[in-house]
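Structure first, then comments.
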Number of protein chains: 2
Amino acid sequence: MVIEEVKYWHIKNHQLFWFLNQEQIRQLCILANFKKAQKGEVLEFVQPGQHYIYLLKKGNLKVVQVDEEGNELIVDIIKQGELFGELESSGGKSNTYEYAQVLTDKVVLCRFSKSDFERLLLEFPQMALSYTKLVGLRLKKIQNRYSNLFFLKAKDRLVFFLKEWAESEGEKMEKGIKLTNYLTHKDIAQIICAARQTTTQFFNEWENEGVLHYSRKEIIIKDLHRLK
Amino acid sequence: MVIEEVKYWHIKNHQLFWFLNQEQIRQLCILANFKKAQKGEVLEFVQPGQHYIYLLKKGNLKVVQVDEEGNELIVDIIKQGELFGELESSGGKSNTYEYAQVLTDKVVLCRFSKSDFERLLLEFPQMALSYTKLVGLRLKKIQNRYSNLFFLKAKDRLVFFLKEWAESEGEKMEKGIKLTNYLTHKDIAQIICAARQTTTQFFNEWENEGVLHYSRKEIIIKDLHRLK
DNA sequence: TCCGATTTGTCCGCAGGCTTACACTTTTGG
DNA sequence: CCAAAAGTGTAAGCCTGCGGACAAATCGGA
């Protein structure tokens with residue numbers, strides 16, 4: 001069962017764990033610490049002094065940044081098979097605090113210490129290269145979000161976000177594209193950098209126009225092109 | 001002379017080129033393509049199909065992103081000794097176009113092909129690790145700018161930018177901190193994501209309060225703490 | 001099944017800062 | 001050395017969308 005899971009994980013992360021053979025994966029698996037968590041649970045993954053890399057094996061979670069006034073911003077949504085932790089940890093200096101929270105019913109994740117991970121990267125340079133590309137990809141993604149925040153208005157940012165979501169997790173059906181929903185209006189607002197009320201408004205406009213249906217369980221995008 | 005320059009460059013980039021000996025540096029130097037450019041010159045560094053990594057040896061330049069309406073955003077300021085190119089190239093999909101422009105009187109840069117660079121990283125895993133950390137650092141930096149754009153108002157973003165600049169290139173003097181200026185109000189506006197007029201206004205407020213002096217050649221921050 | 005908590009719906013005033021518009025100043029290049 | 005271009009100063013109007021306020025709906029747990 002554990003090996004089964006590892007196999008799965010291995011597939012999801014081919015770009016990174018490609019170069020390891022079964023034995024090495026098994027070894028990494030021993031290194032790794034497994035953990036389960038329930039919906040809503042908060043994971044404080046940036047303990048000072050303790051540096052871990054996390055791999056989300058099952059479920060989804062959000063990485064939230066809080067400033068001194070208590071304003072929250074969702075920095076990233078971590079999906080099945082994605083790495084997080086070291087990468088996200090904020091610059092250190094600032095007065096913002098960061099935590100992760102479970103969005104789906106349950107979540108399975110494992111972690112390995114930063115130093116173990118680095119040892120692995122040194123042993124398998126090919127893997128270091130893959131890892132670098134992975135980080136580079138995130139850099140591009142965030143850079144995209146950044147320029148969107150400047151170039152686009154709130155509504156267009158929401159459209160952008162929904163299209164991206166549809167692309168990565170959407171399921172095509174006769175009635176449109178179905179997204180299994182694990183986000184509230186508030187969550188989405190914090191992702192696209194808007195007020196919750198503004199987000200609600202846009203959703204309702206689309207609901208009335210009949211191009212989208214939002215519910216807590218799922219979102220149906222009936223017509224992607226009319227989404228604007 | 002060339003070796004002198006390489007030595008210098010080596011120092012500036014210790015985190016990356018640490019592990020190479022003189023011979024290897026010389027070799028990299030042969031691999032590399034040198035180029036000089038004048039102030040104002042535009043470098044189209046993202047040719048499709050051609051993947052290069054650039055190292056800025058001397059001077060400063062800005063990386064600009066342009067959207068379909070012609071709005072410009074400065075994605076990054078590249079300073080002496082910094083790498084750019086592959087890292088910055090936008091996600092590919094979008095309809096934004098990117099270019100670099102020389103800010104200082106003259107600029108010296110060299111480039112090596114992505115594949116040569118990757119070969120080097122594979123040969124020196126320690127270097128791959130350093131490079132990974134470098135990319136990670138940029139990720140953090142951009143993530144910081146992103147959350148600033150959400151949490152902070154325009155004026156505070158300008159303060160943040162100036163403080164950062166002062167930290168990286170400021171020169172302490174009796175009259176305050178001196179910054180050799182290579183940016184116009186427009187440039188700064190495009191960095192902090194504000195309108196040019198807004199930026200001008202803030203500078204003038206500070207000028208009147210006597211906490212800062214702006215000119216095209218230099219910026220003197222007389223009192224960092226009163227800058228708000 | 002019921003109660004409290006969370007999420008969603010709606011309205012509206014207010015403000016930050018973008019736009020437009022133009023005058024003035026400094027730099028650059030022929 | 002002069003004209004054109006680039007950069008700076010200043011002001012007014014307008015618009016997006018934030019924030020507060022509350023009601024209604026939905027969920028989750030005891």
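Taking atom NZ of residue A:K155 and atom C1' of nucleotide D:dG17, one finds them 13 Å apart after rounding to whole Å. The NZ atom of A:K39 sits 10 Å away from the P atom of D:dC27 (whole-angstrom rounding). The nearest whole Å value for the distance from the CD atom in A:E205 to the P atom in C:dT10 is 11 Å. At whole-Å resolution of the value, CG in B:N71 and P in C:dT20 are 11 Å apart. If you measure from atom CD1 of B:I188 to atom P of D:dT8, you get 8 Å, rounded to the nearest angstrom. Atom CZ in B:R157 sits about 10 Å away from atom C1' in C:dG16, given to the nearest Å. Taking atom CD of B:Q101 as the reference point, atom P of D:dG7 lies 9 Å away to the nearest angstrom. A:Q38 has its CD atom 14 Å from the C1' atom of D:dG28, to the nearest Å.
Close to C:dG9, at under 4.0 Å from its OP1 or OP2, lies a side-chain N or O of A:H185. Remark: B:N204 is in phosphate contact with D:dT10, judged by side-chain N or O atoms under 4.0 Å from OP1 or OP2. Within the 4.0 Å cut-off from OP1 or OP2 of D:dT8, not a single side-chain nitrogen or oxygen of B:T200 is found.
In this structure, B:F203 and A:K153 both approach DNA chain D, and ranking their closest nucleotides by distance from the 5' end singles out B:F203. Map A:R196 and A:C193 each onto its nearest nucleotide of DNA chain D; the residue landing nearer the 5' end is A:C193.
Nucleic acid contact for A:F150: none, since no nucleic acid atom lies under 4.0 Å from a heavy atom of the residue. Nucleic acid contact for A:Q201: none, since no nucleic acid atom lies under 4.0 Å from a heavy atom of the residue.
Closest to the side chain of B:F202, from the set D:dC18, C:dT26, C:dG17, is C:dG17.
The main-chain N or O of B:I191 is found under 3.5 Å from a side-chain atom of B:R145 such that the two form a donor-acceptor pair. Proximity of a side-chain donor or acceptor of A:Q190 to a complementary backbone N or O of A:D187 within less than 3.5 Å is not detected. B:E82 places a side-chain N or O within 3.5 Å of a backbone atom of B:K79 that can act as its donor or acceptor partner.
Between the side chain of A:Q197 and the base of C:dG9, no donor-acceptor pair of N or O atoms lies under 3.5 Å.
Where the helix from C:dT1-D:dA30 to C:dG30-D:dC1 starts and where it ends, the local axes point in directions that differ by 60°; five pairs per end, rounded to 10°.
Ion pairing of A:D156 with A:K228 is absent here, as no side-chain N (NZ or NE/NH1/NH2) approaches a carboxylate O to less than 4.0 Å.
The side-chain contact (heavy atoms from CB on, under 4.5 Å) with B:T199 is formed by just one residue from the set B:I188, B:N204, B:T184; it is B:I188. Just one residue in the list A:Y52, A:F117, A:Y54 forms a ring pair (Phe, Tyr, Trp, His ring centres under 6.0 Å) with A:F112, and that residue is A:F117.
Closest approach of A:I77 to A:K62, counting heavy atoms only: CD1-CB, 3.9 Å.
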